[in-house]
Amino acid sequence: MKENIAEALLAIGAVELSPQQPFTWSSGIKSPIYCDNRLTMSYPELRNKIADGLVTLINAHYDQPTVIVGTATAGIPHAAWVAERMNLPMAYVRSKAKSHGKQNQIEGVIAAQDRAVVVEDLISTGESALRVAEAVRQAGAEVLGVVAIFSYELKQAQRAFQEAGISYISLSDYPTLLKVARQKGVLTEEELCKLKGWNPEIPVSNETL
Ligand SMILES: O=P(O)(O)OC[C@H]1O[C@H](OP(=O)(O)OP(=O)(O)O)[C@H](O)[C@@H]1O
Ligand SMILES: O=C(O)c1cc(=O)[nH]c(=O)[nH]1
């Protein structure tokens, strides 16, 4: 599955490289790579595969969720497709409360007795998913864990999730993406070398590839 999803992300052009003019991630990290999972919603076959995969992860790892919670914005459509498949209520959490209207951060219903699974499109530092998890906890509900389409497997994220006492699982990850890119000849050896070593927080070794 990890290889499958990585291959599909490469095939739809979700992965972009820009070593000369690095992308700025939401955490402020400057990166030579950006993985735009938002594009997956435009591909019905792939988005179905992702939703099925996320449901499989949830069923295998999290016991009897009662609500599926999307992270705004990129997690929202995937959370909706997962909730639909599982016939569960859905909510989503904004990065911060609205400054107008009802000033909600949480949209939809999350009740104190709920057991929530958070659906995220991508985990870099984990800050966004953990912010959502914290809001869910503030609402009194239990967070069973987080599922995501892709994770960079940053050690920083692993530490943050551990500190919060929350687990996360992803359908694919950065080491797998590089492995598949090499197998498919999508990236040159020089590009792969740069992508392996650009961030010491990412444990991509020669063995991984
Ligand atoms: O693990 P993190 O370091 O928090 O980074 C990952 C987050 O960054 C992106 O969202 P972005 O902030 O670009 O907003 P969007 O979902 O509204 O596009 C992505 O969709 C994740 O939510
Ligand atoms: O950390 C981020 O903001 C980020 C990285 C990435 O590769 N893709 C994305 O959508 N967000």
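Numbering of ligands and ligand atoms starts at 1, following listing order. Just so you know, residue 1 is the first one in the sequence shown, and it goes up from there.
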Q: Quick check on contacts: which atoms of ligand 1 are under 4.0 angstrom from a heavy atom of A74?
A: 16 (O), 20 (O)
Q: Report yes or no: does N199 contribute a side-chain atom to a donor-acceptor pair with the main-chain N or O of E201 at less than 3.5 Å?
A: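 Present.
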Q: Among all protein heavy atoms, pick out the one at the shortest distance from atom 4 (O) of ligand 1; state its residue, atom name and that distance to 0.1 Å.
A: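 The closest one turns out to be S128 OG, 2.5 Å.
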Q: Just do the salt bridge (charged side-chain N to carboxylate O under 4.0 Å, His left out) check on E142 and R115 with the steps written out, would you?
A: CA-CA 5 Å; E142 184 184 349; R115 297 162 56 80; 3.4 Å; yes
Q: Do any nitrogen or oxygen atoms of D121 come within less than 3.5 Å of a nitrogen or oxygen of ligand 2?
A: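 No, since none of the N or O atoms of D121 sits under 3.5 Å from an N or O of ligand 2.
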Q: Measure the distance from atom 11 (P) of ligand 1 to every protein heavy atom, then report the residue, atom name and distance (to 0.1 Å) of the closest one.
A: R38 NH2, 4.0 Å
Q: Go through E163 and R159 one step at a time and tell me if the salt bridge (charged side-chain N to carboxylate O under 4.0 Å, His left out) criterion holds.
A: CA-CA 6 Å; E163 271 166 32; R159 285 193 298 272; 5.8 Å; no
Q: Taking the basic N atoms (NZ, or NE/NH1/NH2) and the acidic carboxylate oxygens, is any pair closer than 4.0 Å for K49 and E45?
A: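 E45 and K49: not salt-bridged.
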Q: Return the residue, atom name and 0.1 Å-rounded distance of the protein heavy atom closest to atom 6 (C) of ligand 1.
A: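 Heavy-atom neighbour on the protein nearest atom 6 (C) of ligand 1: L122 O, 3.4 Å.
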Q: Short list, please: which atoms of ligand 2 are under 4.0 Å from a heavy atom of R38?
A: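 Matching atoms, with element in brackets: 10 (O).
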Q: Does some side-chain heavy atom of I166 sit less than 4.5 Å from a side-chain heavy atom of R137?
A: yes
Q: What's the shortest distance from atom 7 (O) of ligand 2 to any protein heavy atom, and which residue and atom give it?
A: Y152 OH, 2.6 Å
Q: Answer with side chain, backbone, both or neither: which part of T125 has a heavy atom less than 4.0 angstrom from an atom of ligand 1?
A: both
Q: Would you mind checking which non-hydrogen protein atom is closest to atom 3 (O) of ligand 2, with the distance to 0.1 Å?
A: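 Scanning the protein heavy atoms, the shortest distance from atom 3 (O) of ligand 2 goes to S26 N, 2.7 Å.
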Q: Please report which non-hydrogen protein atom sits nearest to atom 15 (P) of ligand 1, along with the residue it belongs to and the distance in Å to one decimal place.
A: T73 OG1, 3.3 Å
Q: For ligand 1, indicate whether the residue S26 contacts it via side chain, backbone, both or neither (heavy-atom separation under 4.0 Å).
A: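 Near ligand 1, S26 shows its side chain, while the N, CA, C and O stay back.
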Q: In ligand 1, which numbered atoms sit nearer than 4.0 Å to a non-hydrogen atom of E120?
A: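 Result: 21 (C), 22 (O).
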Q: Go through ligand 2 atom by atom and flag the ones less than 4.0 Å from a non-hydrogen atom of S124.
A: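 Heavy-atom distances to S124 below 4.0 Å select 1 (O), 2 (C), 4 (C), 5 (C).
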Q: Can you sort out which atoms of ligand 1 are near D121, meaning under 4.0 Å from one of its heavy atoms?
A: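 Per the distance check, 19 (C), 20 (O), 21 (C), 22 (O).
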Q: Counting heavy atoms only, which of I149, N37, L122 is nearest atom 4 (C) of ligand 2?
A: L122
Q: Looking only at side chains, do Q162 and Q158 share a donor and an acceptor under 3.5 Å apart?
A: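 Q162 vs Q158: no donor-acceptor pair found between side chains.
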Q: For atom 8 (N) of ligand 2, which protein heavy atom lies nearest, and how many Å away is it?
A: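 Nearest neighbour among protein heavy atoms for atom 8 (N) of ligand 2, to 0.1 Å: C35 O, 2.7 Å.
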Q: Out of all atoms in ligand 1, which are within 4.0 Å of some heavy atom of G126? Include the element for each.
A: 1 (O), 2 (P), 3 (O)
Q: Does some non-hydrogen atom of D36 fall short of 4.0 Å from ligand 2?
A: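 No.
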Q: Is it true that the side chains of K30 and T24 contain a donor and an acceptor less than 3.5 Å apart?
A: yes
Q: Just say parallel, tilted or perpendicular for the rings of W25 and Y152, cut-offs at 30° and 60°.
A: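 Plane angle between 30° and 60°, so tilted.
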Q: Hey, is CD on Q183 packed in by over 12 heavy atoms from elsewhere, all under 6.0 Å?
A: yes
Q: What I want to check is whether the side chains of T40 and N37 have a donor and an acceptor closer together than 3.5 Å.
A: no
Q: Tell me whether Y62 contacts the main-chain N or O of V146 through its side chain, where contact means a donor paired with an acceptor under 3.5 Å.
A: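 Pair found, side chain donor or acceptor close to backbone of V146.
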